[in-house]
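Keep in mind that this is a model prediction, so the values were computed, not measured.
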Amino acid sequence: HDSTVARNFGAQGIGLCRTEHMFFEDETRISAMREMILAEDQEGRRKALAKLLPIQREDFIGIFEAMHGLHVTVRLLDPPLHEFLPQTNKQQEVEAPKMGLTVEEVKAKVEQLKEVNPMLGFRGCRLGVLYPEITQMQTHAIIEAALILKKRGITVYPEIMVPLVGHVNEFKNQKEIILAKAEEIFKEYNDSVEFKIGTMIEIPRAALTADEIAAEADFFSFGTNDLTQMVFGYSRDDIAHFLPYYLANGILKFDPFKTLDRKGVVSLIAQAATLGRKTKPELSLGICGEHGGDPTSIRYCCDLGLNYVSCSPFRVPIARLTVAQAAISEYKQ
């Protein structure tokens with residue numbers, strides 16, 4: 001549905017498909033996801049992931065079909081695992097029997113996964129590094145969906161995005177898993193599809209070592225929400241405590257989570273873009289996050305020579321208009 005809405009508004013592809021949102025849609029999905037998280041070993045996780053595979057595959061078939069002929073960037077699982085688990089006593093009492101566990105066992109696992117700072121904890125590519133079976137399942141679903149649609153005559157351009165990379169070795173680890181699983185599916189179908197593997201640049205270290213990462217990646221997508229959070233040291237969830245005062249008293253001129261900070265965040269993006277394209281001149285660069293629907297931020301992206309901006313479907317018209325105005329302004333010069 002969202003893909004169709006985006007396309008109707010003039011989107012020329014999907015710059016960020018968040019796979020974790022798919023798991024909250026109904027009871028079957030969230031139960032299988034919880035079973036995977038609560039599993040004691042790899043065998044248990046694989047059993048739960050086998051239930052999620054056909055669900056993910058059907059989701060991707062729908063998305064790719066709606067966006068036929070356009071590029072779709074799918075981000076691998078990103079958020080902290082505890083977000084999927086039942087948090088209240090009542091939820092735990094309901095869910096425990098479904099998973100063949102006692103309420104005490106569920107509570108213990110929830111406590112075990114709690115983190116002091118979950119946004120900087122066990123999420124993003126770290127999940128795939130420790131639990132490669134998650135990356136394998138999602139790759140399987142993406143590639144198989146593309147092959148099924150290819151047989152129907154529908155053109156698909158899948159792009160797999162590895163989130164929260166801070167070191168090139170994290171990306172290499174995930175890339176190896178993705179390529180191996182894709183090759184396995186290609187042999188099974190006796191067919192293949194072209195696809196890209198890239199990463200989200202959302203950790204300052206990744207931006208500063210973009211030349212190393214570009215040697216391995218097909219594209220960068222700057223995750224400006226997390227990048228802003230880490231550059232400023234502001235928690236997106238807690239900024240409301242002090243931002244109104246900062247804005248009212250001129251400490252900040254604007255909310256940096258709505259409009260990109262030119263001197264800090266944009267400078268870091270520019271540096272990463274330069275480093276990345278120095279290593280790989282054809283490297284595709286874009287941003288994803290709500291900054292991609294903000295006119296001022298979009299103009300910065302145009303100035304930097306990025307290939308695309310990504311935003312929510314309903315902000316696509318604003319983004320297209322801003323890019324058109326930037327193009328006309330440059331033409332006049």
Side-chain angles (χ1 to χ4, degrees), residues 15-16 18 73 75 78 117 119-121 123-126 159 161-172 174 197-239 242-243 246-247 251-311 319 322-323 326:
L16 175 61
R18 297 179 174 96
T73 304
R75 182 179 68 184
D78 183 38
N117 193 343
M119 293 308 290
L120 295 179
R123 57 171 281 222
C125 65
R126 298 156 197 171
E159 300 181 347
M161 183 158 66
V162 181
L164 215 73
V165 165
H167 195 290
V168 67
N169 287 342
E170 291 174 315
F171 184 77
K172 284 181 179 178
Q174 292 298 280
I197 307 173
T199 188
M200 222 178 200
I201 303 291
E202 51 194 325
I203 293 178
R205 189 186 186 282
L208 295 169
T209 59
D211 51 342
E212 293 181 359
I213 298 172
E216 299 290 334
D218 296 320
F219 65 89
F220 287 170
S221 181
F222 292 96
T224 53
N225 294 339
D226 270 340
L227 195 58
T228 296
Q229 181 169 239
M230 294 188 207
V231 168
F232 272 96
Y234 293 162
S235 165
R236 273 187 289 161
D237 298 324
D238 302 313
I239 195 172
F242 59 88
L243 182 63
Y246 272 36
L247 294 174
I251 294 170
L252 289 178
K253 291 183 179 179
F254 53 85
D255 180 348
F257 290 103
K258 291 183 178 176
T259 298
L260 281 172
D261 164 52
R262 186 172 59 82
K263 288 189 176 180
V265 178
V266 175
S267 294
L268 193 58
I269 292 172
Q271 185 175 343
T274 300
L275 284 171
R277 283 183 170 159
K278 187 177 178 182
T279 297
K280 188 173 286 180
E282 73 279 12
L283 186 70
S284 174
L285 302 173
I287 69 163
C288 52
E290 286 309 292
H291 289 108
D294 170 65
T296 301
S297 302
I298 293 169
R299 290 300 290 260
Y300 293 152
C301 295
C302 292
D303 293 342
L304 291 174
L306 301 192
N307 299 93
Y308 68 89
V309 296
S310 168
C311 60
T322 305
V323 172

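Closest of all the heavy-atom pairs between Gly276 and Ala214 is O-CB, 3.5 Å. For the residue pair Ile213 and Val168, the shortest heavy atom distance occurs at CA-CG2, 4.0 Å. When all heavy atoms are compared, the tightest approach of Cys302 to Ala326 is SG-CB, 3.8 Å. The heavy-atom pair separating Val231 from Pro204 by the smallest distance is CG2-CG, 4.3 Å. Scanning both residues, Leu247 and Asp255, for their nearest heavy atoms gives CD2-N, 3.9 Å. Residues Met161 and Cys288 share a closest heavy-atom pair of CE-SG, 4.5 Å.
When side chains are defined from C-beta on, Leu252 counts as touching Leu243, because their heavy atoms get closer than 4.5 Å. Between Met230 and Leu120, the closest side-chain pair of non-hydrogen atoms falls below 4.5 Å. Between Ile269 and Leu227 the shortest side-chain heavy-atom distance falls below 4.5 Å. Counting heavy atoms from C-beta on, the side chains of Phe171 and Ile197 come closer than 4.5 Å. Inter-residue side-chain proximity for Val165 and Ile201 is flagged as unmet; no heavy-atom pair is nearer than 4.5 Å. Asp78 is not listed as a side-chain neighbour of Arg18, based on a closest heavy-atom distance of 4.5 Å or more. You'll find the side chain of Glu290 stays beyond 4.5 Å of the side chain of Phe257, heavy atoms only.
Between atom SG of residue Cys311 and atom CD1 of residue Ile287 there is a gap of 9.0 Å, rounded to the nearest 0.5 Å. Annotation: the span from Glu170 atom CD to Cys125 atom SG amounts to 4.0 Å, rounded to 0.5 Å. For the atom pair NZ of Lys258 and OG1 of Thr296, the computed distance is 13.0 Å after rounding to the nearest 0.5 Å. Here Leu283 contributes atom CG and Asn307 contributes atom CG; the two are 8.0 Å apart, rounded to the nearest 0.5 Å.
Each side chain to side chain donor-acceptor pair (under 3.5 Å) pair with one or both residues in residues 197-224, not counting sequence neighbours, appears once here: Lys175-Glu216, Thr224-His291. Pairs passing the salt bridge (Lys or Arg N to Asp or Glu O under 4.0 Å) check and including a residue from residues 294-306, sequence neighbours excluded, do not occur.
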Met200 vs Leu16, side chain to side chain contact (heavy atoms under 4.5 Å, CB included): CA-CA, chis, key distance, verdict: CA-CA 10 Å; Met200 222 178 200; Leu16 175 61; 4.0 Å; yes
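For Phe242, the side-chain contact (heavy atoms from CB on, under 4.5 Å) partners at least two apart in sequence or on another chain are Tyr234, Ile239, Tyr246.
Side-chain N or O atoms of Arg236 include none that pairs as donor or acceptor with a backbone N or O of Asp226 at under 3.5 Å. Between the Ser297 side chain and the Leu260 main chain, a donor and an acceptor come within less than 3.5 Å of each other.
Here the rule is side-chain contact (heavy atoms from CB on, under 4.5 Å) with Leu285, and of Phe219, Tyr308, Phe222 only Phe222 fits it.
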